[in-house]
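All ligand and atom numbering here is 1-based and tracks the order in the structure. These numbers come from a predicted model, not from an experiment.
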Amino acid sequence: MEEYKPEKIEPKWQKIWEKEKLYKAIDFSKKKKLYLLVEFPYPSGEGLHVGHAFTFTLMDIFARKKRMEGKNVLHPMGWDAFGLPTENYALKTGIHPKVVTKKNIKRFKKQMKALALSYDWDREINTTDPDYYKWTQWIFIQFFKHGLAYKKEMDINWCPSCKIGLANEEVVDGKCERCGAKVGKKRLSQWLLKITKYADRLADELDLVDFPESVVASQRSWIGRSEGYEIKFPIEKREGFISVFTTRIDTLFGTSFLALAPEHPMVKELTKPEQKRKVENYIKEARRKMELERIAETKERSGVFTGSFALNPINGKKIPIFVADFVVMSYGTGAIMGVPAHDKRDFYFAKKYNLPIIEVIKPRKKVLPKETSLVITDKTKEEPYVGEGTLINSGRFTGMKSEKARKRIGEFLQKKGLAQKSVEYHIRDWIFSRQHYWGEPIPMIYCEKCGWQPVPENELPIKLPNVKKYQPTRTGKSPLAAIKNFVKTKCPRCGGPAERETDTMPNWAGSSWYYLAYTFWHKFKNQKLEKKNVFIKYKNLINYWLPVDIYLGGAEHTTLHLLYSRFWHKFLNDIGVVSGKEPYRKRLTHGLILGEDGQKMSKSRGNVIVPEEMIKKFGADSLRVYLAFIGPYNGTFPWSTAGIKGTRKFLERFYDWICVQIRKNEKSEKETKLLVNRLIKEVGEDIDSFKFNTAVAKFMKFLNEIEGKKISKKDLGRVLKILAPFAPHLTEEIWRKHFKKTSIHRQPWPRYSPRMIREKNIILILQVNGKVRDKIEVESGISEKEAKKLALSSPKIQKWIKGKQIKKTIFIKDKLINFVL
Ligand code: ANZ
Ligand code: ZN
């Protein structure tokens, strides 16, 4: 008897499949298109991680089934290859990042092929390929031409260890997302992209897509749209106002101080001579702290009195003006009204500086105290009430509910010109400059006379020059700044001497449009010198394939990559490059695989599982089936070597069973037909709903139940086909030997007979006028006529319809019958 030898059959079939171009996506095919995307990996030196193997395998199973169902599947792969690890490796070894990247990609690709991932490799992209980043640069120029890329001198988050500027998104708890070092500030001139201009659409158009709720929520919260008022507070004994932004104008009567950000332009003029030294020292200290640390909701609050007072526009009350570092300049107006009784930060601040805590909102459910005119300065209270409620101590607005009060107070002040509606966003413009080598050069030129000019499009790409040192300079400039003949150039406008930008783009650039590149890259590659604009030339291809139908990716990319690529897409839609508003129709977030010890896999823990080794030991099919079986796609599970041994055993048993049965060449018995049809139905449905684990469990159960039963060759073929997406090699081996010469992966997905799998009896609900009056057990699949006959013979039903006329009968097969009288 044949023995199951994956080490023999797997490489053999992989070669044949490659020759047969089994996984080619067909442009403009009449079949229905299905664009299935998984996040492309960063080709690190470590090679393919088991986490990659997990998510890639799951989407691959799905893609294989959909091809068999007759869909025109686009399932591409590529490399997100710019990035710090490669640059750091180059720093250490002196090997050029280009060389390292090439080597890493080769290894990744080999490992992916060994796992039989069914990608259309003709469309492979690499973000570090000048042919690719030419178009990343082109898109940047379009941003610039449309006024959405601009340069600004600013304090940026600065990682002293990576020596790199970081976007707010890359700072986690005040630490660098990459290396964990504490982030500081540095003043640099930076390129920014105006993502804020798209904030509303990025939030609103989430309604157009099918994303997990948690992803929608985190995108919305990252954008952070806040509706409120800008209120003008007159300054005491002089001209002018201080404007504050508040979402809680209903708490206006509770204001007991104003606070300005240390960077606020009015700080100087408001500071009285006797307070000058204190204020100046305070500002110096604040500058040292980072913004993120400043706005965190910790109890430590500090500030300094300016010596000046403002007047509450609603009642003329005198209130002190402070400078406080928890107020940031980049949000709202850079000034706040402090309401200690109803805001946590203001509460701690008031306690520290002994300011009145005036309650103006009562929780709705509690009974109002009788004496509402009294100003309560209850400093013993430990927590402010931050919710909404009913106004107290608020003049003629007392007794109103928060929502109504906001409207009324707003209108009242608006009439006097002291307030206006205002919408604020937490999202900031995207800092797009990096002072690093291994990224796309920003294609801009600076001329003393003409200012910033984009590189003419026919000069793209601006290739990364070779350098000897990859080290970012201490001044914060990119290593490109040290290459004289890179920097020196001519102004594209006046022809005079000019300098090139030496900043490069952030990691997120190349991945912001890669899903577009996959749609035409196979064409593009065949033309050595692409002169025409690819987005014009291949517009039809882009429109044929987009949107991505399912995008599977990690939770860590739900705010950044997803938001950025949606932003680019909307911009490209505005300038006519793409026709849809959203790039991804459906997003799924995958889970993680932990080490066998239940901890995150890491080299230092020594718990890393290498897919390549598992393939060597157990075979790719065993690994694939195991990864499908390990648990729901969005869960987190520890690796189990016993588990993969188990799936290997299962495949061996399956192989033996099927080989024996083929030789027997019997007829299927009735019970077999039931089992096979049910398996086809259930496995199909499970794959469709991404329940790969339960699908595998059903195969295992099936194998137990079928043991000893007669089965025809035809039914064996059907079972083989539905196992093919999971175990492509094993099934192909048997298929081509005993069934057909064309690949099993080109066969149509088998149909099942619903008649065969009918559960024998079901409970039919009997209703009269929509009310349940009885339940009876009937054979499943009975017709309306039969059901009616049975129902009418029920004494309970007879009781309800006696003497009345049945106007209508509603019948839902195998569920209910309802008589409308
Ligand atoms: C008075 C007030 C009373 C506030 C109250 C809240 C509760 P979101 O929802 O995040 O938009 N704020 C405004 N500008 C600020 C700045 N530059 N730095 C720090 N804080 C600022 O938050 C809006 C609230 O954040 C505003 O409403 C303001 O405090 C504060 F019971 O005004 B509020
Ligand atoms: Zn010029």
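For ligand 1, the atoms sitting less than 4.0 Å from at least one non-hydrogen atom of T251 are 3 (C), 31 (F), numbered in the order shown with element in parentheses. Short contacts between ligand 1 and V327, defined as distances under 4.0 Å to a heavy atom of the residue, involve ligand atoms 16 (C), 17 (N), 18 (N), 19 (C). Within the listing of ligand 1, atoms 18 (N), 19 (C) sit less than 4.0 angstrom from a heavy atom of F326. Within the listing of ligand 1, atoms 8 (P), 10 (O), 11 (O) sit less than 4.0 angstrom from a heavy atom of H426. Taking every heavy atom of H342 and a limit of under 4.0 angstrom, the matching atoms of ligand 1 come to 5 (C), 7 (C), 31 (F). Which parts of ligand 1 touch S226 is read off a 4.0 Å heavy-atom cut-off, strictly below it: atoms 8 (P), 9 (O), 11 (O).
Within the set I231, T247, L260, the minimum heavy-atom distance to atom 23 (C) of ligand 1 is found for T247. Closest heavy-atom approach to atom 28 (C) of ligand 1 within the set Y425, F245, Y331: this belongs to F245.
Remark: the D429 side chain and the Y150 side chain contain an N/O donor-acceptor pair separated by less than 3.5 Å. Counting only N and O atoms by type, the side chains of Y229 and T247 include no donor and acceptor under 3.5 Å apart. Side-chain polar atoms of D200 and Y425 form a donor-acceptor pair below 3.5 angstrom. Looking at S478 and D503, their side chains never bring a donor and an acceptor atom within 3.5 Å of each other. Using a 3.5 Å distance cut-off with no hydrogens or angles, the side chains of Y282 and S302 do pair a donor with an acceptor.
The pair R566-E582 counts as a salt bridge, with a side-chain nitrogen and a carboxylate oxygen less than 4.0 angstrom apart. Salt-bridge formation is not detected for the pair K175/D173: no Lys NZ or Arg NE/NH1/NH2 atom is positioned less than 4.0 Å from an Asp or Glu carboxylate oxygen.
Residue contacts with ligand 1, taken as heavy atom pairs separated by less than 4.0 Å, involve R345 solely via side-chain atoms from C-beta onward. Contacts between I336 and ligand 1, counted as non-hydrogen atom pairs separated by less than 4.0 Å, involve the side chain only. For T246, heavy-atom contacts with ligand 1 shorter than 4.0 Å involve the backbone as well as the side chain. At a 4.0 Å heavy-atom cut-off, ligand 1 does not touch M329 at all. Counting heavy atoms under 4.0 Å from ligand 1, residue V328 touches it through both backbone and side chain.
Paired with F253 under the rule side chain to side chain contact (heavy atoms under 4.5 Å, CB included), one option of T398, I314, N312, I361 passes, and it is I314. Between H569 and the choices Y198, W513, Y515, Y564, the side-chain hydrogen bond (donor to acceptor under 3.5 Å, both in side chains) rule is met once, by Y515.
Not a single heavy atom of E424 sits under 4.0 Å from any atom of ligand 1. Residue-ligand proximity: G332 is placed with every non-hydrogen atom at 4.0 Å or more from ligand 1.
Remark: aromatic rings of F432 and W191 are distant, center separation not under 6.0 Å.
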